[in-house]
Amino acid sequence: MENKIKIVFATGNPHKLQEINEISKGSGIEFILPPEGFDPDENGETFEENSYIKAKEAAVLSKNIALADDSGLCVEALNGNPGIHSARYAATPQARIDKLLMNLAQQTNRRAQFVCVMTLVDKNGKVLTQQKGVCNGVIAKTQSGTNGFGYDPVFVVDGYDITMADMSEDLKNQISHRSRALNKIISYINSTLL
């Protein structure tokens, strides 16, 4: 196969890295972790701002093109929360799910969406493109499934009757918010950088 373009993916989460390399398989792009010392201060107020903060830090550290995603779960009945605070909603993944279910216990509206904003920057941290992916669904009353991470065990995607954590990797990677944003990024890279 032809040489792959290597792009730093601004995360410390190996699950996320694995997921985006799965989604981008066959695209001629390989995503790699940022160098040691990557620890951005995610103090933005939107997914867009936090995504850019992470991408810029990874690019400057690695002196390479970098991609970052900022994603979260926005729940209608909770005024869009946990939103940008999804990963910091409680101390552990299970505690985050428990808190979410508790906060929704009295709610009849369980509509929610996973949002992912990806920012691709050049090695100096200048934005090349920013893309958004959204996956709509509802929050289940009980958790189910062991695939995935984060809120996947309680998120039922519109048009399906199983949680994201009950889905096969392949199916999840076709419909997830992250894959929707990433596919737009990949087509941008293919048309302008490769």
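- No side-chain heavy atom of Phe9 sits less than 4.5 Å from a side-chain heavy atom of Ser24.
- Under 3.5 Å, the side chains of Ser187 and Asn190 contain no donor-acceptor pair of N or O atoms.
- At least one donor-acceptor pair under 3.5 Å links the side chain of Ser51 to the backbone N or O of Val117.
- The salt bridge (Lys or Arg N to Asp or Glu O under 4.0 Å) contacts involving residues 109-126 comprise Arg111-Asp158, where partners must be two or more places apart or lie in separate chains.
- Using a 4.0 Å cut-off between charged nitrogen and carboxylate oxygen, Glu19 and Lys16 do not count as a salt-bridge pair.
- Among all heavy-atom pairs drawn from Leu104 and Ala77, the shortest one is CD2-CB, 4.0 Å.
- Take Asn21 and apply the side-chain hydrogen bond (donor to acceptor under 3.5 Å, both in side chains) test, not counting sequence neighbours, and it matches no residue.
- The two residues Ile53 and Asn43 come nearest to each other via the heavy atoms CD1-OD1, 3.3 Å.
- Looking only at side-chain heavy atoms (C-beta outward), Ile84 and Glu49 stay at 4.5 Å or farther from each other.
- The two residues Ala68 and Ala55 make their nearest non-hydrogen contact at CB-N, 3.3 Å.
- Alongside Val156, the hydrophobic cluster contains Val138 (criterion: ILVMFWY side chains under 4.5 Å).
- Cluster annotation: Ile5 is connected to Leu17 through the hydrophobic network of ILVMFWY side chains, with a link wherever side-chain heavy atoms come within less than 4.5 Å.
- Hydrophobic cluster membership differs between Leu67 and Val121, with clusters built from Ile, Leu, Val, Met, Phe, Trp and Tyr side chains linked at under 4.5 angstrom.
- Residues Ala66 and Ala58 share a closest heavy-atom pair of CB-CB, 3.9 Å.
- Distance check: Leu73 CG to Asp152 CG gives 9.5 Å after rounding to the nearest 0.5 Å.
- In this structure the side chain of Lys25 never reaches within 4.5 angstrom of the side chain of Asn173, judged on heavy atoms.
- With sequence neighbours left out, the ring-ring contact (aromatic ring centres under 6.0 Å, His included) criterion links Phe114 to Phe155, His177.
- A search for side-chain contact (heavy atoms from CB on, under 4.5 Å) contacts involving Asn147 returns Glu169, not counting sequence neighbours.
- Proximity of Ile189 to Ile7: side-chain heavy atoms (C-beta onward) are separated by under 4.5 Å at one or more points.
- The shortest distance between side-chain heavy atoms of Met167 and Val157 falls below 4.5 Å.
- With sequence neighbours excluded, the residues forming a salt bridge (charged side-chain N to carboxylate O under 4.0 Å, His left out) with Asp70 are Lys54, listed by chain and number.
- Screening residues 91-106 for salt bridge (Lys or Arg N to Asp or Glu O under 4.0 Å), with sequence neighbours left out, gives no hits.
- When every heavy atom of Gly12 is checked against every heavy atom of Pro14, the shortest pair comes out as O-CD, 3.1 Å.
- Here the side chain of Gln130 pairs a donor or acceptor atom with the backbone of Glu48 at under 3.5 angstrom.
- Annotation: the span from Tyr52 atom OH to Thr119 atom OG1 amounts to 9.0 Å, rounded to 0.5 Å.
- Residues satisfying the side-chain contact (heavy atoms from CB on, under 4.5 Å) test with His15, not counting sequence neighbours, are Asn13, Phe149.
- Gly133 approaches Ala181 most closely through the heavy-atom pair N-CB, 3.6 Å.
- Counting heavy atoms from C-beta on, the side chains of Ile29 and Ile185 never come closer than 4.5 Å.
- Considering only residues two or more places apart in sequence or on other chains, Arg180 meets the side-chain contact (heavy atoms from CB on, under 4.5 Å) condition with Cys135, Ile175.
- More than 12 heavy atoms of other residues, nucleotides or ligands shown are found within 6.0 angstrom of NZ on Lys172.
- Residues forming a side-chain contact (heavy atoms from CB on, under 4.5 Å) with Thr108 (at least two apart in sequence, or on another chain): none.
- In this structure, the separation between CG on Asn50 and CD on Glu45 is 9.5 Å, given to the nearest 0.5 Å.
- Taking OG of Ser71 as the start and CZ of Phe47 as the end, the distance is 7.0 Å to the nearest 0.5 Å.
- Between the side chain of Ser179 and the main chain of Ile23, no donor-acceptor pair closer than 3.5 Å is present.
- Taking CG of Asp69 as the reference point, atom OG1 of Thr11 lies at 7.0 Å (rounded to 0.5 Å).
- With sequence neighbours excluded, the residues satisfying side-chain hydrogen bond (donor to acceptor under 3.5 Å, both in side chains) with Tyr89 are Asn103.
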For residues 32-41, run the donor-acceptor check on the side chains, cut-off 3.5 Å, and write out each pair with its distance to 0.1 Å, sequence neighbours left out.
none

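- In this structure a side-chain-to-backbone donor-acceptor pair under 3.5 Å is present from Tyr151 to Ser86.
- Hydrophobic clustering (ILVMFWY, side-chain heavy atoms < 4.5 Å, transitive): Leu182 and Val8 are in distinct clusters.
- To the nearest 0.5 Å, atoms OH (Tyr188) and CG (Leu120) are separated by 6.5 Å.
- Residues Val134 and Met118 do not share a hydrophobic cluster, clusters being chains of Ile/Leu/Val/Met/Phe/Trp/Tyr side chains in contact below 4.5 Å.
- Between the side chains of Gln94 and Gln143, at least one donor N or O sits under 3.5 Å from an acceptor N or O.
- A distance-only check finds a donor-acceptor pair linking the side chain of Lys184 to the backbone of Lys132 [under 3.5 Å].
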